[in-house]
Amino acid sequence: MTDEQERVQPSGVWATAVGVAKVRALETERENALFRDPLARAFATAGGLGPSSAPQPGDEAARLRRLGIAFSIVIRTKFLDDLLQQASASGVRQVVLLGAGMDSRAFRMDWPEGTRLFEVDTAAPLDFKASVLRQERAVARCERITVAVDLREDWPGALAAAGHDPTAPTVWIAEGLLIYLPEDAVELLLARISARSAAGSRMGLTLGSRGVIERFGADAVPGSAASMWVSEMPDDPVGWLAGHGWEADSHTLRERAAAYGRPVSTPPQREEGPGGLISAVRR
Ligand SMILES: C[S@@+](CC[C@H](N)C(=O)[O-])C[C@H]1O[C@@H](n2cnc3c(N)ncnc32)[C@H](O)[C@@H]1O
């Protein structure tokens, strides 16, 4: 059987990773793209979200919600690309992508010699990804190590077995992940990350902003990614991370979008608190 025939099709929470790839494919095709992800189109197509796939169901409100989510994915991707580049420039040579999905940074970014990049996700998306990477003959630009484990289980053990060194600094990315984990699981994840972060480690997180589940999740189209959202950011993300030993900065999507030349034209619908996009350094 060929890779294509054997390929397991997206389902449940990991299907969201293919939706993210589709958004990145569309951004890549823009003239003034904020990043280029040459593998994104192949992931989307293999997962049934290619250019000729059926339009998604839903009314105008659902369409606008999807546009809003797509916009946030573009901005957060750029934010985390920059954060990773800064981490590399500061000398960090270990990267851990938690809930890596179809993230193709190992293939599309420049990495200094000696960089080891760990992709942690469950087995099904990693198998799907591997089959697309083989099909595309993709070659990683750093040492790439996949770790198939559920983040609710003993992922630190699996990461250690895969060769992660907690005595050297690490840059951790949790992009589009924490919103799918209940609050106690988020807390545990943070504690486990922190216990494995030498001084100089960095972290990039995306958090659901306050009220996003009410606005997007509750009446979302059944089966959509937003209907699986369960947790939002704490009221004081900087204080929360300080409690875990991190010096954090919190950015809004609106502020970052303006900085990247993609200002949001609509006025804020409500008082926007800080948050959404977090960068942090371990002192
Ligand atoms: C919205 S996708 C984001 C993927 C990737 N970070 C990106 O931005 O391209 C969420 C990812 O988190 C993964 N995920 C969610 N819950 C998980 C868990 N308990 N253990 C491991 N991975 C998980 C899913 O499999 C999926 O790949």
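Position 1 is the first residue of the sequence; numbering continues from there. When a ligand or atom number is given, it counts from 1 through the structure's own listing order. Keep in mind that this is a model prediction, so the values were computed, not measured.
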Going by the closest heavy atom to [atom], which one wins out of [options]?
atom: atom 5 (C) of ligand 1; options: Ala17, Ala100, Gly176; value: Ala100
atom: atom 12 (O) of ligand 1; options: Val120, Leu178, Val20, Leu177; value: Leu177
atom: atom 25 (O) of ligand 1; options: Asp121, Leu151, Asp150; value: Asp121

Tell me whether ligand 1 is touched by Glu153 - counting only heavy atoms on the residue side and a distance under 4.0 Å.
no

Between [Y] and [X], does any NZ, NE, NH1 or NH2 come within less than 4.0 Å of an OD or OE carboxylate oxygen?
X: Asp81; Y: Arg108; answer: yes
X: Glu27; Y: Arg262; answer: yes
X: Glu119; Y: Lys129; answer: yes
X: Arg41; Y: Glu29; answer: yes
X: Glu175; Y: Arg105; answer: yes

Do His164 and Trp172 have ring centres separated by under 6.0 Å?
yes

Atom 9 (O) of ligand 1: which protein heavy atom is closest, and how many Å away?
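Of the protein heavy atoms, Arg24 NH1, 2.7 Å lies nearest.
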
Side chains of [X] and [Y]: donor-acceptor distance under 3.5 Å anywhere?
X: Arg202; Y: Gln86; result: no
X: Thr206; Y: Arg76; result: no
X: Gln85; Y: Trp111; result: no

Looking at [X], which atoms of ligand 1 are within less than 4.0 Å of one of its heavy atoms?
X: Arg76; answer: 8 (O)
X: Glu175; answer: 3 (C), 5 (C), 6 (N), 8 (O)
X: Val149; answer: 21 (C)
X: Gly101; answer: 4 (C), 27 (O)
X: Arg152; answer: 19 (N)

Applying a heavy-atom cut-off of 4.0 Å, say which part of Tyr180 lies close to ligand 1: side chain, backbone, both or neither.
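Near ligand 1, Tyr180 shows its side chain, while the N, CA, C and O stay back.
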
Is there at least one pair of N or O atoms, one from Gly99 and one from ligand 1, spaced under 3.5 Å apart?
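N/O-N/O distance under 3.5 Å: yes.
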
Nitrogen or oxygen of Thr16 less than 3.5 angstrom from that of ligand 1
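Among all N and O atoms of Thr16, none is under 3.5 Å from an N or O of ligand 1.
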
